[in-house]
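Note on naming: letters A, B, ... go to the chains in the order of the sequence lines (proteins, then strands), and numbering restarts at 1 for each one. Quick caveat, the model's predicted, so the values are computed rather than measured.
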Amino acid sequence: MPAGGIMAKGVTPRSEDFSQWYVDVVKAADLAEHSPVRGCMVIKPYGYAIWENTQRELDRMFKETGHQNAYFPLFIPLSFIRREAQHIEGFAPELAVVTIGGGKELEEPLAVRPTSETIIGEMYAKWIRSHRDLPLLINQWGNVVRWEMRPRLFLRTTEFLWQEGHTAHATAEEAEAETRQMLGVYRTFLEQYAAIPVIPGRKSEAEKFAGAHHTYTVEAMTGDKKALQAGTSHNLGQNFAKSFNIQFQDQNNEMHLVHTTSWGMSTRVIGGIVMVHGDDHGLRLPPRLAPIQAVVVPIWRKDDERERILAAAQALRARLRCRVHIDARPDLTPGYKFNDWELKGVPVRIELGPKDIEKQQVVLVRRDTGAKETAPQATLPERVDALLEEIQAHLFQQALAFREANTFVVNDYATFQKQNEEGGFLLAHWCGDGACEARIKEETKATIRCIPFDQKPEAGSCVVCGGLSQGLVVFAKAY
RNA sequence: CGGGGCGUAGCGCAGCCUGGUAGCGCACUGCGUUCGGGACGCAGGAGUCGGAGGUUCAAAUCCUCUCGCCCCGACCA
């Protein structure tokens, strides 16, 4: 921690009240604020820039895996959403519905999309005729609305931004491969870019997406030891193909229903980044997603010095190979700026003052550890690049170590309940019965976050009923 | 929808009990001095006191109704 561990002004200490700390950091870092409409938020430029970086990387990965972008409309006839039984059952409580347009009662109410499977299914049924039309690999960047009871900036808002991929395939195997592949993309993004370690796995029947055959998820652990679903990928089987009659003709002239998938990641990841990496000084951004990777704080005493130093700062910036901002604000002291950029989580600070100019050096401070060093200007670009890599890796390692330190194998229900009070991920045997799952949720608020992929099968007995279990699953209280 | 709290300047609050010219801190504007870990002085601008009704000579303050927001619980990316 920088500066002897003093807290940032206006930010509640994380250990004291995590929820309040989170709200304070989001506000202090200028990421977002509440809108006049309950549950909605305004994403401010600095927060949106993180989203833009997220979009850029994800979009690249989607294109690399053969997907194309398209856009489907915000309004969906309510009858479409009703067409898939599970789907409407799951989404009905959180639908926003438009009943008036142009001053007149509409003949058919329009749902504001909570997700787009149905409208896309309707269109896919028209677009797909032949096996040659498959696979159909499309992604959409957009917004959706889910009328949430308990909103929280970024983590759960009534309207949120996301991407939703929707694909159609000839065979169940291909659909399954796609579902897995895209979960892998999310994992790569989260681990390599957001520096958030995740546990990939399958959702239980109770937790899966409304209308899915099955759902995969990547689960992260936040700084208060709760679980955060950071991305999901659904194998929809033929459920939507049936409801929307999406068929293709195969090589033998026979008609078949397609197999579809959908997968999404939302602005929630920004909340995840705050909750996983933030500290008492504010945000700590992973370099690869940071809008500003290095900030230059010039230090001067007199006007002539100021000009000289700003000129030197600009010369440095021109040589650096990362996203650099020079904080030239005239009426603020360096100390204020140090704190300000720490709140905003900028990974590297470059201090440049008269002494540095003289010695052809700078002072470098890394946000993750607060460590300070002097570095020669001659090799600064290399040093900053290396530092950014180190910080990226260190944030990931730190988050991973934290998760591991707070993951526990529990074998009996009493221990489960006790440990659950302390938080963390609980690895426990589960027989697969929804009744045991429901009882745990009811009694402890912990849910099955996922049935991890990379778990060796291991016989055991269910933590609730003692029945036969094939392996450990992850339980936790979740956001 | 249940339980709690709060609406007074952009933000955070005091004033209300005991009615009498609307205040403080931060932020903002201007000028000057500062500047290597949250600077200071001087001068300024800024408020339908959430809304409606009532009591009163007089309401931010008392009464009634209402609206909104936040936090805690039941649904969820």
Side-chain angles (χ1 to χ4, degrees), chain A residues 1-11 17 19-20 23-24 27-28 33-40 89-95 114-115 143-164 186 203 206-210 215 217-220 227-234 262-272 281-282 297-303 305-306 309 327-343 349-358 361-363 365 370 372 374 441-442 445 447 478-479:
Chain A
M1 307 245 161
I6 331 157
M7 260 85 65
K9 266 187 197 165
V11 175
D17 182 345
S19 296
Q20 193 54 50
V23 171
D24 290 348
K27 219 180 272 184
E33 60 188 69
H34 291 284
S35 91
V37 176
R38 180 189 152 74
C40 295
E89 193 187 324
F91 280 107
E94 47 191 14
L95 275 189
T115 179
N143 59 340
V144 286
V145 168
R146 299 180 186 177
W147 218 260
E148 297 292 350
M149 313 263 201
R150 284 202 54 192
R152 222 175 206 295
L153 289 168
F154 288 112
L155 296 184
R156 194 179 305 104
T157 48
T158 297
E159 178 189 3
F160 58 94
L161 306 183
W162 75 344
Q163 58 67 219
E164 46 179 324
Y186 290 150
K203 284 290 186 188
E207 298 285 330
K208 76 179 188 186
F209 177 77
T215 289
T217 177
V218 277
E219 296 285 326
L228 183 73
Q229 181 177 309
T232 49
S233 179
H234 316 292
S262 68
W263 24 276
M265 182 173 276
S266 73
T267 37
R268 166 178 263 197
V269 295
I270 296 172
H281 294 264
V297 177
I299 295 151
W300 60 74
R301 278 182 301 247
K302 298 169 218 126
D303 280 354
E305 209 167 63
R306 173 168 174 253
I309 287 177
D327 187 352
R329 289 178 291 179
D331 296 322
L332 298 172
T333 61
Y336 180 92
K337 292 176 182 177
F338 296 166
N339 286 286
D340 197 37
W341 293 111
E342 276 163 16
L343 272 172
R349 180 172 81 233
I350 302 172
E351 300 177 17
L352 183 64
K355 292 178 218 161
D356 301 310
I357 300 274
E358 211 175 291
Q361 64 175 35
V362 298
V363 173
V365 183
K372 239 181 222 201
T374 55
K441 184 175 180 179
E442 170 74 24
K445 309 261 185 266
T447 51
Y479 275 104

Quiz item: Counting only heavy atoms not in A:Arg329, do more than 12 sit closer than 6.0 Å to its CZ atom?
Solution: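 It does: A:Arg329 CZ has more than 12 such atoms within range.
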
Quiz item: Has A:Trp162 got its ring stacked on the base of B:rA77, with centres under 5.5 Å and planes less than 30° apart?
Solution: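 So no, this residue does not stack on that base, at least one cut-off failing.
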
Paired nucleotide for [N] [Watson-Crick or G-U wobble; both distances under 3.5 Å]:
{"N": "B:rG68", "result": "B:rC6"}
{"N": "B:rA43", "result": "B:rU29"}
{"N": "B:rG73", "result": "B:rC1"}

Pair of N/O donor and acceptor under 3.5 Å linking [N] base with [X] side chain:
{"X": "A:Asp340", "N": "B:rG38", "value": "no"}
{"X": "A:Arg349", "N": "B:rG37", "value": "yes"}
{"X": "A:Arg146", "N": "B:rC76", "value": "no"}
{"X": "A:Ser266", "N": "B:rA77", "value": "yes"}

Practice problem: Tell me whether the OP1 or OP2 atom of B:rC35 has a side-chain N or O from A:Thr333 closer than 4.0 Å. | Solution: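 For A:Thr333, the contact criterion (side-chain N or O under 4.0 Å from OP1 or OP2 of B:rC35) is not met.
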
Quiz item: Any side-chain N or O of A:Lys445 less than 4.0 Å from the OP1 or OP2 oxygen of B:rA74?
Solution: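 Checking A:Lys445 against B:rA74: at least one side-chain N or O falls below 4.0 Å of OP1 or OP2.
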
For [X], answer base if it contacts any base atom (sugar-phosphate contacts may also be present), sugar-phosphate if it contacts only those atoms, and nothing otherwise; contact means non-hydrogen atoms under 4.0 Å.
{"X": "A:Gln229", "result": "sugar-phosphate"}
{"X": "A:Thr157", "result": "base"}
{"X": "A:Leu332", "result": "base"}
{"X": "A:Val297", "result": "nothing"}

Quiz item: Expressed as a whole number of Å, how far does the C1' atom of B:rG7 sit from that of B:rA14?
Solution: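 That atom pair is separated by 15 Å.
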
Quiz item: How close or far is atom P of B:rG38 from atom CH2 of A:Trp341, stated in whole angstroms?
Solution: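 It is 18 Å, rounded to the nearest whole Å.
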
Quiz item: Below 6.0 angstrom between ring centroids: does that apply to A:Phe154 and A:Tyr479?
Solution: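 For A:Phe154 and A:Tyr479, the ring centres are not under 6.0 Å apart.
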
Quiz item: Closest heavy-atom contact between A:Tyr186 and A:Thr232?
Solution: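 For A:Tyr186 and A:Thr232, the tightest heavy-atom pair comes out as CE1-O, 3.4 Å.
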
